[in-house]
Novice: 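Shown below is the structure under consideration.
Chain naming here is simple, since letters A, B, ... match the order of the sequence lines and numbering starts at 1 in each.
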Protein chains: 2
Amino acid sequence: MKLKEFARQLGLSPTTVSRALSGYPEVSEKTRKRVAEEAVRLGYRPNINAVRLVTGRAGAIGVVMGRTGEFHFAEYMSGMAERLDGEDIDILVSPTADRDSTDEVSLYSRLATSGRVDAVIVHSPKPNDERIALLHELGFPFLVHGRSETDVPHAWLDIDNETAIRRATSHLIDLGHRRIAMINGRHGRTFSLHRDKGYRDALQERGIAFDPRLLVHDHFTDELGFRYARAFLEQAPRPTAFVAGSMMTALGVYRAVRSRGLVVGKDISVIAHDDVFPYLTAENMVPSLSATRSSMRAAGARSADLVLQLLGGRAAEEIQELWPVELILRESTGPAPAEAQS
Amino acid sequence: MKLKEFARQLGLSPTTVSRALSGYPEVSEKTRKRVAEEAVRLGYRPNINAVRLVTGRAGAIGVVMGRTGEFHFAEYMSGMAERLDGEDIDILVSPTADRDSTDEVSLYSRLATSGRVDAVIVHSPKPNDERIALLHELGFPFLVHGRSETDVPHAWLDIDNETAIRRATSHLIDLGHRRIAMINGRHGRTFSLHRDKGYRDALQERGIAFDPRLLVHDHFTDELGFRYARAFLEQAPRPTAFVAGSMMTALGVYRAVRSRGLVVGKDISVIAHDDVFPYLTAENMVPSLSATRSSMRAAGARSADLVLQLLGGRAAEEIQELWPVELILRESTGPAPAEAQS
């Protein structure tokens, strides 16, 4: 039986029933008793996780949002929202100015001690992330979206960035490319480090020297994708292939290639990482974009799920999910131009 | 004096001080008394809006997030976060499946009665929006992002969609275009209706008959932009100009035009509405995109500000802000091809 149906049979609102079962003081003792008795009599069993969250708890999962308007963030939250719909659990977003990490750590501390959330999600972790150490110390439930290298036991969900980028780079090498530029994410974040490693390992496996002039780290925007790709294309010899960190970056790379009178998929090959945004699709780009693919929305939904498990009593160290990443080849990748082949 | 400094002088954590001033039962009566006395003695005056939010209140502003992964939503929230940073006020996001409006209205009802938010923001309103009627009836503070036509007094912030699209369409007519297609937002939302009106009025002013085959309503994605533009371009005679509802739509339109062997800015003119996303910029598109422009992030920041004013006691009916929209001409618009001119 669903909450709605149970509430209807009692002639009460779902909110009153939910509050009565959670022992809220606004509901009279008499009503609370009646609801509890009827729940037993009618066999109504509320969702255990939801109750655990609601009972003396906040009924919300906390996330921290920086100023750098992350399009990934919206997609991840949509996934969380999808999973939490009907669970009576909300998402509490705490604003941060992203000024420095001290601010950010104290914000997590405030969140964890506010009584307003039951768990928090840590995004874009660093290898040795202070937030993880803090939350562990506070004994506060949390899930890391991404990975860290800390010894502190913690729950995490990540995609296999290293293998994804190693495969992408290897594939470009198979096609004869030797000068492969990479536009990676922000410095110091674990996902960027993992991607760096995949890229460098692929080069090394094939005896290609790593050239630091072909690797940059920054935010994922079309403008930065454009600017870096333009700069790379001015090098002599120029790169014949790009690994782009995001769909937005790829848009900029496409434009930069075109603006030099070159053709994507013929003169210049491009592989990007695709988080599967509903509003911007790799298969519809012209030429269609080869991509390492993993749904950010699915990660958000699964994250919400894992947080519920965590709150349901599952041990944090048991929750460690590494998702494989697909490599999907389309028209933006092709053999290196003959003159560039060694 | 800032909260941090005041707390330091008392040798207490900012959280304890904040809670003490808000009368939380977790803080002992003795501490509460001491904090109150020291606040008077040291002249500490917490931010009035923040206190009003915190005192017996939730310290959060509620928003409802649908499943349709809105990139606009992230940008708007970033703006809110920017304004709320340092205010000790969070954003509570309630998930909704967007299944039907009854669900959505009951979600707002739940939010308003939950005690977890002090105000809510209503997005993408309809002309006669049930959510507005409900929140007014509940006497719960709310701000509408967009506009409604209801008689219920309420606070709102909107951009002038009608004038923006009228000017964009008029400009295309000035350039000699007669068949102008518009890819507008979802049916039934006020902003879409306003844009429809601006489009139709511009045509009428110049004696051009409205052709319903040149107008569609849907979500803003590059795929839909591509598909609709392809279909429009198959008409005979085909449109020579497009008004696109969003940057994502414009990406699809550009691709559709290119895929037909046509050139944007020469064969086909395009104007899009630009919400000023940091990761996708109109001036960097090739050719650079003419656009009606208004920052979604600025709207988010101002919305948070207006909610604080509302909670500070300002009358809802006094808060009515209509933002003008710029029309920025770049390379994607040009004279209609000679054979298409009447």
Side-chain angles (χ1 to χ4, degrees), chain A residues 14-15 26 58-60 62-63 65-75 77-97 106 109-111 113-116 219-223 226 246 248 251-252 255 258-259 277-281 284-286 297, chain B residues 13-15 26 58-60 62 65-75 77-97 106 109-111 113-116 219-223 226 246 248 251-252 255 258-259 277-281 284-286 297:
Chain A
T15 307
E26 308 81 307
V63 296
M65 181 178 205
R67 278 195 174 189
T68 48
E70 294 288 354
F71 47 96
H72 302 89
F73 188 81
E75 218 20 46
M77 292 230 326
S78 294
M80 287 184 69
E82 214 168 283
R83 176 61 186 84
L84 295 176
D85 175 50
E87 292 280 5
D88 231 20
I89 295 164
D90 297 314
I91 306 163
L92 189 78
V93 180
S94 279
T96 169
S106 73
S109 163
R110 179 172 82 81
L111 251 185
T113 57
S114 69
R116 289 154 76 182
H219 288 278
F220 293 141
T221 74
D222 81 321
E223 177 155 7
F226 179 79
S246 79
M248 300 301 171
L251 288 175
R255 278 207 316 277
R258 259 192 228 114
S259 73
F277 302 118
Y279 45 80
L280 179 60
T281 48
N284 287 342
M285 286 176 68
V286 181
R297 180 177 288 237
Chain B
S13 75
T15 308
E26 303 89 302
M65 183 179 204
R67 280 195 172 188
T68 48
E70 294 288 356
F71 47 96
H72 302 90
F73 189 81
E75 220 15 49
M77 292 229 328
S78 295
M80 286 184 70
E82 216 170 280
R83 175 60 186 87
L84 295 176
D85 175 50
E87 293 279 4
D88 231 21
I89 296 165
D90 297 314
I91 305 163
L92 189 80
V93 180
S94 278
T96 170
S106 72
S109 163
R110 181 171 82 81
L111 251 184
T113 57
S114 70
R116 289 155 75 181
H219 288 277
F220 292 141
T221 75
D222 81 321
E223 178 154 6
F226 179 80
S246 80
M248 300 301 171
L251 288 175
R255 278 207 317 277
R258 260 193 227 112
S259 74
F277 303 118
Y279 44 79
L280 180 60
T281 48
N284 288 342
M285 287 177 69
V286 180
R297 179 176 288 235

Novice: To the nearest 0.5 Å, tell me how far Ser94(A) OG sits from Asp85(B) CG.
Specialist: 10.5 Å
Novice: Please answer whether the main-chain N or O of Gly252(A) pairs with a side-chain N or O of Asn284(B) as donor and acceptor at a distance below 3.5 Å.
Specialist: no
Novice: Return the minimal non-hydrogen interatomic distance between Tyr279(A) and Phe220(B), and the atom names on each side.
Specialist: CB-O, 3.8 Å
Novice: Using a 4.5 angstrom heavy-atom cutoff, name the option from Glu223(A), Arg255(A), Met248(A) with the most pairs to chain B.
Specialist: Arg255(A)
Novice: Kindly write out the residues that satisfy side chain to side chain donor-acceptor pair (under 3.5 Å) with Ser246(A), not counting sequence neighbours, or none if the list is empty.
Specialist: Thr249(A)
Novice: Of all of Leu84(B), Val286(B), Thr221(B), Asp90(B), which one pairs up most often with chain A through heavy atoms under 4.5 Å apart?
Specialist: Asp90(B)
Novice: What pair of heavy atoms forms the shortest contact from Ala58(A) to Arg116(B), and how long is it?
Specialist: O-NH2, 3.1 Å
Novice: Check whether any side-chain heavy atom of Met77(B) sits under 4.5 Å from a side-chain heavy atom of Val93(A), and report yes or no.
Specialist: yes
Novice: So what's closer than 4.5 Å to chain A heavy atoms on Leu251(B): side chain, backbone, both or neither?
Specialist: side chain
Novice: Sort Met80(B) into side chain, backbone, both or neither according to what part of it lies under 4.5 angstrom from a heavy atom of chain A.
Specialist: neither
Novice: Under the criterion side chain to side chain contact (heavy atoms under 4.5 Å, CB included), I'd like the reasoning laid out for Thr281(B) against Asp222(A): C-alpha separation, chi angles, the key distance, then a yes or no.
Specialist: CA-CA 7 Å; Thr281(B) 48; Asp222(A) 81 321; 3.5 Å; yes
Novice: To the nearest 0.5 Å, what is the distance between CG (Leu280(B)) and CG (Leu280(A))?
Specialist: 8.0 Å
